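Being a predicted model, the structure only gives us computed values, none of them experimental. As a basis for the values below, the full set of heavy atoms in this structure was taken, side chains included, without hydrogen atoms, waters or symmetry mates. Residue numbers begin at 1 in each chain, while the letters A, B, ... track the order of the sequences.
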Number of protein chains: 2
Amino acid sequence: MTKHQADLSLLFHALSDPTRRSILTRLAEGPARVTDLSEPTGYSLPTVMRHLAVLEEAGLIASAKDGRVRTCAIVPEAFKPVRTWLDEQRLIWERRLDRFEAMALKAMKEKDE
Amino acid sequence: MTKHQADLSLLFHALSDPTRRSILTRLAEGPARVTDLSEPTGYSLPTVMRHLAVLEEAGLIASAKDGRVRTCAIVPEAFKPVRTWLDEQRLIWERRLDRFEAMALKAMKEKDE
DNA sequence: TTGATGCTTAGTCATATTGCTAACTATCAC
DNA sequence: GTGATAGTTAGCAATATGACTAAGCATCAA
């Protein structure tokens, strides 16, 4: 598996959990401390930490510690490979449809003759 | 968890595996039989079947059996919730940036006075 | 310096995931 | 009907995931 594919897998996997998505949505509003992210979810701190680790490994968030407090922030560019992959799939599919349409048109013309 | 969130989790999870993504890419080119999908991956038929089941549960593909042969096809609309979710996150983040910029502009003006 | 706060680590548990092989069923071609 | 083909089911093993509690460490406030 290429590095790109591995990155995509990490990204999609990170996004596949509803708790992690809710954390991302919260962080889209602005940076937050670990405890701030833990409270609304109702999950224990270690559990949230693990989710944050998954998000950080995927590159979707960045975090830094200042004193006792770790602040997390979203990394908007990190979503790009996901969008790009979706676009690529759509392109392949649309090209196929175009060919299909061209064939249908050709068939109609030949029928006309 | 709402149904929508559950659907999103299924979708992202389905997309998180490189073998499943390669199957989708193949199917974007056009429908294919199970064996056609198995051969290029190098995985056993039962393994591929399982991947197909995951994709079908997520709604990303549809399949039908004719005689002995099961034909699988991509369901392009199924990607839409993923795109929508990404767009929503981006919107939240952009709104935040706008507010931030507005604040900065205001601060600059006040400094001018 | 002592206590509260914020995070981290370690260890456990249940379940899910991803691969396999072996055996089975259903269909098609002779 | 016999054999090859296409898919399916069952069951196994290794690893990953997602939750928890309990205990630890570092920092800040008084």
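- Atom P of nucleotide D/dG18 and atom CG of A/Leu52 are separated by 13 Å, given to the nearest angstrom.
- A salt bridge links A/Lys3 to A/Asp7: one of the charged nitrogens lies within less than 4.0 Å of a carboxylate oxygen.
- Among the atoms of the strands shown, base atoms are found under 4.0 Å from some heavy atom of B/Arg50.
- Residue B/Thr47 places no side-chain N or O under 4.0 Å from the OP1 or OP2 atom of C/dT18.
- Between B/His13 and C/dT17, a side-chain N or O to OP1/OP2 separation shorter than 4.0 Å is present.
- In this structure, the nucleotide among C/dA4, C/dA22, C/dA26 sitting nearest to the side chain of A/Arg68 is C/dA4.
- Taken from CZ in A/Arg83 to CZ in A/Arg90, the straight-line distance is 9.5 Å, to the nearest 0.5 Å.
- For A/Arg33 and D/dT27, the CZ to P distance is 16 Å, given to the nearest whole Å.
- Residues that satisfy the ring-ring contact (aromatic ring centres under 6.0 Å, His included) test with B/Trp85, not counting sequence neighbours, are B/Phe12.
- The separation between B/Leu37 atom CG and D/dT8 atom P is 12 Å, rounded to whole Å.
- We find that CG of A/Asp17 is positioned 12 Å from P of C/dT17, with the value rounded to whole Å.
- Rounding to whole angstrom units, CZ of residue A/Phe12 and P of C/dT17 are separated by 17 Å.
- For A/Val69, the side-chain atoms get nearest to C/dG6 when compared with the rest of C/dC20, D/dT8, C/dG6.
- Rounded to a whole Å, the CG atom of A/Leu15 is 12 Å from the P atom of D/dG18.
- Distance CG (B/Leu10) to C1' (C/dT17): 14 Å, rounded to an integer number of Å.
- Nearest nucleotide to the A/His51 side chain, out of C/dT21, D/dA19, C/dT8: D/dA19.
- Looking at the side chain of B/Lys65, the nearest of the listed nucleotides D/dT17, D/dT8, D/dG11 is D/dT8.
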Which donor-acceptor pairs under 3.5 Å do the side chains of residues 64-71 of chain B make with protein atoms, sequence neighbours left out?
from    : atom 1 : to      : atom 2 : distance (Å)
B/Arg70 : NH1    : B/Ser63 : OG     : 2.9

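- For B/Leu45, the side-chain atoms get nearest to D/dT8 when compared with the rest of D/dA6, D/dG18, D/dT8.
- Summary of the strand contacts: A/Val48 and B/Arg70 both lie near DNA chain D, and taking for each the nucleotide with the nearest heavy atom, the more 5' one is attributed to B/Arg70.
- Positionally, the nearest nucleotide of DNA chain D for A/Thr19 lies more toward the 5' end than for the other of A/Thr19 and A/Gly67.
- Closest to the side chain of A/Pro46, from the set D/dG11, C/dT9, D/dA19, is C/dT9.
- The residue among B/Arg20 and A/Met49 whose nearest nucleotide of DNA chain C is located toward the 5' end is A/Met49.
- With values rounded to the nearest 0.5 angstrom, A/Ser16 atom OG is found 11.5 Å from B/Asp17 atom CG.
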